[in-house]
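Presented below is the structure to which this report refers.
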Amino acid sequence: MENLICLRNIVKKYYIGSENELEVLHGINLDIREGEFTSIVGESGSGKSTLMNIIGLLDRPTEGTYEMKGIDVDGLSDDELSDVRNRQIGFVFQTYNLIPRMSALANVEVPMLYARIPRKEREEKAQHLLEMVGMQDRMMHRPDELSGGQKQRVAIARAIANNPSLLLADEPTGALDSKTGQRIMDIFHRLHEEQHKTILLITHSQPLAEETERILTLKDGQIVGERVGSGSAGSADAEKAKISAKDVPATEKGDSSHKEAASFHAEHLGADKTEDAEDGIIFLELDDKGKMREEEAGHAD
Amino acid sequence: MLIEDVRLAFMNMAANKLRTFLTMLGIIIGIAAVIAIMTVGSAQTAENERQNSMYGVNTVSVNMWLKDGVEITEDTNTADLIPEFKESMLDKMVQNYADEIEAIAVQTYLPTGGPARPENSTNDRIYANCDVTGVNPGYFTVNKGMVPMKAGRVFSRKETVEDSYVCIVSDLLVKNLFDGDADKALGSRIDIPIASDEDSLDYTYTIIGVYGFSDMAGYAGVSSEKDISTTVYIPFKNAQALSTDPSAKKISNFDLTVIPGVDVIQFSDDLNSYLTSLLPADTNDQIYVYNNQEWIEQSNENMRKQTLTITMIGAIALVVGGIGVMNIMTVTITERTREIGTRKALGAKRREIRLQFITEAVIMSLLGGVIGIAAGIGAGIIVCHFVQHIPPVVSIPSVAASFLVSVGIGIFFGFYPADKAAKMDPIEALRYE
Ligand SMILES: Nc1ncnc2c1ncn2[C@@H]1O[C@H](COP(=O)(O)OP(=O)(O)O)[C@@H](O)[C@H]1O
Ligand SMILES: [Mg+2]
């Protein structure tokens with residue numbers, strides 16, 4: 001399968017004051033193939049959202065190249081980026097970001113509005129999308145009349161309205177309880193399985209990350225680990241275990257098993273390695289697991 | 001897109017009704033002030049034009065007044081001081097301006113002691129309220145707009161100079177006394193009580209003509225039509241003979257009409273100096289020649305000044321209103337920063353964000369403009385009706401201009417905040433708390 005996006009040596013610096021510069025991403029290399037369901041985990045402040053915003057064309061990297069579908073997006077103007085976002089990228093935010101005072105239906109129509117789709121078609125498509133996420137009974141409700149889970153369903157319907165190539169979700173379940181979060185997660189799985197959507201998910205929840213095909217771990221602005229999740233089935237997925245961290249040679253192909261690659265990487269970074277024999281899944285614990293769980297619990301209220 | 005922007009603008013305004021109303025207030029006041037003054041102004045212009053057609057644009061009024069500062073002592077005979085156009089003076093004038101003057105009208109008012117009745121009538125219910133004015137035949141030419149002859153004839157020269165008891169009455173009087181039958185009225189005789197010093201005496205007049213009464217002052221609304229008082233015209237000489245007022249014996253003012261095509265204003269100036277030159281050197285009197293046209297121009301000029309003043313006040317209110325719109329749009333954009341970020345993430349281009357907020361500003365000021373137009377027309381109607389007593393005329397061009405100005409204010413004052421929104425960085429906007 002083709003590479004949908006291709007990041008090379010992506011550096012992001014913030015300039016605080018005149019002289020102080022803060023480098024948040026230190027040369028990220030990342031390829032995402034079409035149809036892949038990838039998750040990014042990592043502690044708070046590790047640069048996940050910054051990376052996601054660059055991938056989503058909301059922000060520009062300070063250094064490095066970014067190709068989407070083989071096209072360098074670096075030279076595009078702000079309005080051209082808007083156009084690419086509109087047609088190629090769907091966003092799902094932790095805080096939903098539905099437009100207040102507009103019905104669920106009208107919210108789903110917004111991306112289609114900017115794509116100049118005629119009203120009738122827009123309305124029909126929005127209705128269809130809301131049915132798909134199980135919101136057919138609340139189409140005329142406004143965001144303040146919906147629960148968190150319902151809002152996120154509407155947001156997902158909106159994100160896929162223009163049938164984008166890439167679906168980006170930044171902690172979409174972060175503000176939801178675990179049960180509701182799981183239901184939202186199920187929608188992503190369905191989109192992936194039935195519509196073969198390429199999905200990039202940031203999450204704090206280890207179990208949810210495990211459900212995806214490919215799990216990337218970000219620490220202090222670097223991808224420090226990559227492994228295969230349960231969403232990936234069989235040996236065919238070995239190829240997906242390619243490691244893209246900056247200091248790892250990107251030459252390992254199908255012949256090197258993901259297990260080896262991950263353990264190599266783990267050793268290289270000096271992280272603990274545990275093996276869950278039953279699931280055949282390798283856990284790479286870059287941080288104390290307990291802390292992560294705490295944060296997750298904090299979000300689940 | 002625009003339809004969605006308009007719909008959204010209304011939804012957002014509805015969500016902040018009070019704030020929206022307060023913002024619109026400046027525009028409402030500004031537009032209302034201008035529309036009100038325009039309504040009154042065009043009503044006045046229409047009224048002037050109507051009066052023009054009634055009095056006639058060619059009418060000139062000539063007056064002789066006592067000069068300012070004439071000393072009056074105990075020995076002064078006040079009757080001698082009453083200004084008078086001597087017959088010789090009028091003859092000279094007529095000869096001098098034979099090519100310009102169409103007709104001359106003189107009149108003298110006589111007080112009445114009660115309503116007119118058919119001759120020797122004892123039926124209390126048959127009456128017609130009237131006042132009496134003595135005029136010359138030329139009066140009916142000069143005042144053909146206000147006193148149009150409908151039946152019969154005007155006074156003959158003989159009747160004018162020979163103190164005849166003939167009269168010309170209104171159609172309303174004919175209605176009251178002769179069931180509206182003009183043929184029956186012509187040649188009929190009526191008794192008119194004319195007031196003298198102590199009481200009044202009935203004089204009997206033969207009706208020779210009927211004119212159409214026009215309800216100029218709007219009496220009809222005040223009393224029943226039956227009780228409206230109309231003028232009975234009698235020959236000038238006859239009125240002078242019956243009058244007990246010393247000033248009635250002298251002609252101190254008269255109206256004339258010039259032949260169409262003569263420049264009334266220039267003629268008036270010329271006549272003024274000519275008549276002044278005819279006065280003796282030691283005269284106590286001065287001539288004042290006045291024409292309708294000059295008055296109308298004066299009135300229009302005053303109206304223009306008033307309109308300009310109020311329009312300027314309106315303009316100031318509009319600028320204040322515009323700044324209010326700009327202020328509230330800035331607040332709106334700050335409040336809706338996340339929405340702007342979201343829209344950009346979803347693919348909105350700069351111009352689409354700009355259009356959205358300019359549309360909102362335009363809708364707000366346009367709505368203010370519409371309310372202002374309605375309020376202005378309302379205020380204009382009230383002023384016309386209760387203050388000026390003239391029929392209101394809504395000025396369509398100024399209503400149209402108000403629409404355009406409202407839209408213009410929305411675009412002008414909405415542009416800066418909308419542009420600020422359009423140029424927001426999507427990340428910062430999305431992260432805004
Ligand atoms: N606009 C900004 N200016 C300065 N520093 C920023 C800005 N945005 C993010 N950062 C910093 O970049 C780092 C990464 O942030 P972020 O990508 O949001 O992390 P995560 O999503 O993994 O929690 C943090 O240290 C954060 O303080
Ligand atoms: Mg984040």
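What you see is a predicted model, and the numbers here were worked out from it, not measured in a lab. Residue numbers begin at 1 in each chain, while the letters A, B, ... track the order of the sequences.
Other residues, nucleotides and ligands contribute over 12 non-hydrogen atoms within 6.0 Å of the OH atom of A:Y14. Enclosure of atom CE in B:M11 by more than 12 non-hydrogen atoms of other residues, nucleotides or ligands within 6.0 angstrom is indicated.
Contact of B:I3 with chain A is not made at all, since no heavy-atom distance falls under 4.5 Å. Only the side chain of A:R119 has a heavy atom closer than 4.5 Å to any heavy atom of chain B. Residue A:R60: no heavy atom, backbone or side chain, is found under 4.5 Å from chain B. Only the side chain of A:D78 comes within less than 4.5 Å of a heavy atom in chain B; its backbone stays farther off. Both the backbone and the side chain of B:R350 have a heavy atom closer than 4.5 Å to some heavy atom of chain A.
Taking a cutoff of 4.0 Å between a charged side-chain nitrogen and a carboxylate oxygen, B:K344 and B:E428 do not qualify as a salt bridge. Salt bridge annotation for B:R19-B:E335: present, with a cationic side-chain nitrogen under 4.0 angstrom from a carboxylate oxygen. One finds a salt bridge joining B:E301 and B:R304 here, because a Lys/Arg side-chain nitrogen approaches an Asp/Glu carboxylate oxygen to under 4.0 Å.
Note: B:E352 leads B:R351, B:E352, B:R7 in heavy-atom pairs under 4.5 Å with chain A. Ranked by non-hydrogen atom pairs under 4.5 Å with chain A, the options B:L8, B:D425, B:L430 are led by B:L430.
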